[in-house]
Amino acid sequence: MRFGLAARLGLVLALSGMLSAGITAFQAQRASETLLVDSARAELLTATRVLARRITLVREDLSRTLLALARHPAALAALDDDAQAATQLATLFALPMEANRAYFQIRLIGAADNGLERVRVDRDGDAPLRVDGDALQEKGHYPYVFNTLALAAGEVYLSRVGINRERGSHSALGRPAAQLATPVVDAAGTPRGVIVASVDLNGVFALLAADLPADF
């Protein structure tokens, strides 16, 4: 059966229309995908900036607490074996731990005696617990001690993230944590010890996640 000129022209026009419609649909799909990707990228970038800012604020808040404790007269006095100052400092350590569950542990560690802990308060469940006497340990071989002792007054050390495996660390044991520390210096600027806070990263990031959409 032979097609006439009109039929063949109609067929060509129909095929051209189908091809044009297919190309248009493909381009529309690509444009839609691009818009979705760009929108998702913008949302993720915004969320990342918000998260980075919140992390910075959390670190600054923890650092201010450490610096205040390191500058308190009781810190130097406790390093000089003043029992009353040590008790006062333990009370001061417990206050931020009661107010902020991000703290696993706050300690005063001396530069002498192989980095012996002088005042230590751990989180044990929901409550701060003072650790004293023979339970105090030597920590001079840990980077958060010897690296912090090399810092100037007012500087803050931040450790790498890791699983806490330090013996007897109560609620912190086996949990992801980071240590922030600052030196305790005397009037001559000599580092006499360090104030160290162990931070619960699960708790910190749970608070940060509360500010993000549920699908992030």
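In this chain, numbering begins with 1 at the start of the sequence shown. Hydrogens, waters and symmetry mates play no part in the numbers below; they use all other heavy atoms, side chains included.
Looking at His141 and Phe146, their side chains never come closer than 4.5 Å, going by heavy atoms from C-beta outward. Residues Leu180 and Ser63 are in side-chain contact: their nearest non-hydrogen atoms beyond the backbone lie under 4.5 Å apart. Annotation: side chain of Glu138 is not in contact with side chain of Glu117 (no heavy-atom distance under 4.5 Å). The shortest distance between side-chain heavy atoms of Tyr142 and Ile109 does not fall below 4.5 Å. Counting heavy atoms from C-beta outward, Asp61 and Arg64 have side chains that approach closer than 4.5 Å. Residues Val184 and Leu108 meet the side-chain proximity criterion, which asks for heavy atoms closer than 4.5 Å. Taking 4.5 Å as the limit, every side-chain heavy atom of Tyr157 sits out of range of all side-chain heavy atoms of Val196.
What you find for Leu201 and Ala178 is that their closest heavy atoms are CG-N, 4.1 Å. Counting all heavy atoms, side chain and backbone alike, Val121 lies closest to Ala90 at CG2-O, 3.7 Å. Contact record, Gly110 with Arg118: N-CG, 3.8 Å, taken as the closest heavy-atom pair. Ala70 approaches Pro183 most closely through the heavy-atom pair CB-O, 3.8 Å.
Once rounded to the nearest 0.5 Å, the distance linking CZ of Phe104 with CZ of Arg175 reads 4.0 Å. Rounding to the nearest 0.5 Å places CD1 of Ile195 at 8.5 Å from CD1 of Ile106. A distance of 12.5 Å separates CG of Leu158 from OG1 of Thr182, quoted to the nearest 0.5 Å. Here Thr65 contributes atom OG1 and Leu92 contributes atom CG; the two are 11.5 Å apart, rounded to the nearest 0.5 Å. Separation of atoms CG (Leu129) and CZ (Arg120) is listed at 9.0 Å; rounding is to 0.5 Å.
Using a 4.0 Å cut-off between a side-chain N of Lys or Arg and a carboxylate O of Asp or Glu, Arg101 and Asp200 do not qualify as a salt bridge. Salt-bridge formation is not detected for the pair Arg130/Asp122: no Lys NZ or Arg NE/NH1/NH2 atom is positioned less than 4.0 Å from an Asp or Glu carboxylate oxygen. Asp80 and Arg192 are joined by a salt bridge, as a carboxylate oxygen and a charged side-chain nitrogen come within less than 4.0 angstrom of each other.
Note: the hydrophobic cluster containing Met97 does not contain Val194 (ILVMFWY, side chain heavy atoms under 4.5 Å, direct or indirect links). In the hydrophobic clustering of this structure, Val185 does not group with Leu149; members are Ile, Leu, Val, Met, Phe, Trp, Tyr whose side-chain heavy atoms approach within less than 4.5 Å, directly or through other members. Under the 4.5 Å side-chain contact rule for hydrophobic residues, Leu67 and Leu89 share a cluster. Under a hydrophobic-cluster definition in which Ile, Leu, Val, Met, Phe, Trp and Tyr are linked whenever side-chain heavy atoms come within less than 4.5 Å, directly or via other members, Phe93 and Leu76 are assigned to the same cluster.
Without hydrogens or angle criteria, Glu155 side chain to Ala152 main chain gives a donor-acceptor distance under 3.5 Å. Panel note: side chain Asp124, backbone Ala127; no donor-acceptor pair is recorded below 3.5 Å. Side-chain atoms of Asp186 come within 3.5 Å of backbone N or O of Ala188 as a donor-acceptor pair. Listed for the Asp82 side chain is a donor-acceptor partner under 3.5 Å among the backbone atoms of Ala85.
The side chain to side chain donor-acceptor pair (under 3.5 Å) test with Tyr144 singles out one residue from Arg107, Lys139, Arg160, and that residue is Arg107.
Under the side chain to side chain donor-acceptor pair (under 3.5 Å) criterion, Ser159 pairs with Gln179, not counting sequence neighbours.
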